[in-house]
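Keep in mind that this is a model prediction, so the values were computed, not measured.
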Amino acid sequence: MIRIQTEPLSPGEWLDAFSHGRQATGAVVSFTGLTRGGDGIAQLVLDAYPGFTETVMEGIEAEARARFEAHDILAVHRWGPIAVGEPIVFVAVAAARRRAAFEACDFLMDQFKTRAPFWKKEEGPGGSRWVEPRDQDRADLARWETPND
């Protein structure tokens with residue numbers, strides 16, 4: 001399931017609900033991303049296009065399900081203004097084995113970071129600036145490419 005929302009995230013509640021009652025699952029791996037501060041950043045503002053953003057993320061989710069044989073995936077991503085230190089993204093993956101769950105979660109975050117249509121702006125006392133993917137973000141994405149892609 002993919003969800004984008006403007007409301008604050010509660011990763012513990014999402015993880016409890018996602019994990020409950022899984023009897024065929026051997027592993028649940030989750031990741032919570034927080035809004036990073038520093039350099040005078042007061043908040044992050046993410047723009048998204050509801051409907052379109054979820055559709056792109058659902059395509060990435062389908063890739064992860066097939067590639068890692070995930071039993072289930074949940075991704076909840078905020079958009080709008082987000083204060084420093086607040087959760088911005090929560091991803092959970094259920095799979096038969098831990099390695100598949102870890103790899104699927106890592107894959108999802110690398111893909112979402114660069115391919116999901118969010119536009120990021122950092123705001124602080126000195127003004128605001130748009131943030132582009134870094135070289136490291138592109139390298140993280142490229143490591144998932146295979147010769148058949």
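The minimum heavy-atom distance between A24 and H71, with the atom names listed, is O-CE1, 3.3 Å. Summarising the geometry of A100 relative to A95, their closest heavy-atom pair is CB-CB, 4.1 Å, with the distance given to 0.1 Å. Closest of all the heavy-atom pairs between L108 and A64 is CD2-CB, 3.7 Å. Residue T25 comes nearest to A94 through the heavy atom pair CG2-CB, 3.7 Å, listed as atom of the first residue, atom of the second, then distance. Looking at every heavy atom in both residues, L34 comes nearest to G85 through CD2-O, 3.9 Å. Between G40 and P125 the shortest heavy-atom distance is O-CD, 3.0 Å.
Distance check, rounded to the nearest 0.5 Å: OG1 of T53 to CD1 of I4 gives 4.5 Å. Interatomic distance, CD of E54 versus CE of M1, reported as 10.5 Å (0.5 Å rounding). T6 OG1 to W79 CH2: the interatomic distance, rounded to the nearest 0.5 Å, is 6.5 Å. Taking OG1 from T35 and CD1 from I88, the interatomic distance works out to 4.5 Å, rounded to the nearest 0.5 Å. For the atom pair CG of L44 and CD of E123, the computed distance is 8.5 Å after rounding to the nearest 0.5 Å.
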Dump the intermediate steps for salt bridge (Lys or Arg N to Asp or Glu O under 4.0 Å) on E63 and R115, then the final yes or no. CA-CA 13 Å; E63 289 177 46; R115 292 177 49 205; 3.0 Å; yes

Should F118 and M57 be marked as a side-chain contact (heavy atoms from CB on, under 4.5 Å) after you check the CA-CA gap, both sets of side-chain angles, and the distance that decides it? CA-CA 11 Å; F118 290 99; M57 292 177 73; 3.8 Å; yes

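In this structure, the side chains of D106 and R143 come closer than 4.5 Å at one or more pairs of heavy atoms. Residues R67 and F107 meet the side-chain proximity criterion, which asks for heavy atoms closer than 4.5 Å. A heavy-atom distance below 4.5 Å is not found between the side chains of Q111 and K113. Looking at heavy atoms from C-beta onward, R97 lies out of side-chain contact with F102 at the 4.5 angstrom threshold.
Identified under the salt bridge (charged side-chain N to carboxylate O under 4.0 Å, His left out) test for residues 80-94, with sequence neighbours left out: R78-E86. For residues 20-38, the salt bridge (charged side-chain N to carboxylate O under 4.0 Å, His left out) pairs, not counting sequence neighbours, are R22-D72.
Clustering ILVMFWY residues whenever any of their side-chain heavy atoms sit less than 4.5 angstrom apart, transitively, puts L74 in a cluster other than the one holding V89. Cluster annotation: W14 and I82 are assigned to distinct hydrophobic clusters (Ile/Leu/Val/Met/Phe/Trp/Tyr, side-chain heavy-atom contacts under 4.5 Å, transitive). Hydrophobic clustering (ILVMFWY, side-chain heavy atoms < 4.5 Å, transitive): V76 and I2 are in distinct clusters. Under a hydrophobic-cluster definition in which Ile, Leu, Val, Met, Phe, Trp and Tyr are linked whenever side-chain heavy atoms come within less than 4.5 Å, directly or via other members, V91 and V28 are assigned to different clusters. M109 and V29 fall into different hydrophobic clusters, where Ile, Leu, Val, Met, Phe, Trp and Tyr side chains are chained together by heavy-atom contacts under 4.5 Å.
At a threshold of 4.0 Å, the pair R138-E132 does not count as salt-bridged, since none of the basic side-chain nitrogens sits closer than that to a carboxylate oxygen.
Side-chain polar atoms of W144 and D110 form a donor-acceptor pair below 3.5 angstrom. With hydrogens and angles left out, the side-chain atoms of Q136 and R134 include no donor and acceptor closer than 3.5 Å.
For an aromatic pair to be called close, the ring centres must be under 6.0 Å apart, and H77 with F112 fails this. Checked against the 6.0 Å centroid threshold, F90 and F31 do not count as a close aromatic pair. The distance between the ring centers of Y49 and W119 falls below 6.0 angstrom.
Enclosure of atom CD in E69 is not indicated, since only 12 or fewer non-hydrogen atoms of other residues, nucleotides or ligands lie within 6.0 angstrom. Around the CD atom of E7, the shell of radius 6.0 Å holds more than 12 heavy atoms that belong to other residues, nucleotides or ligands.
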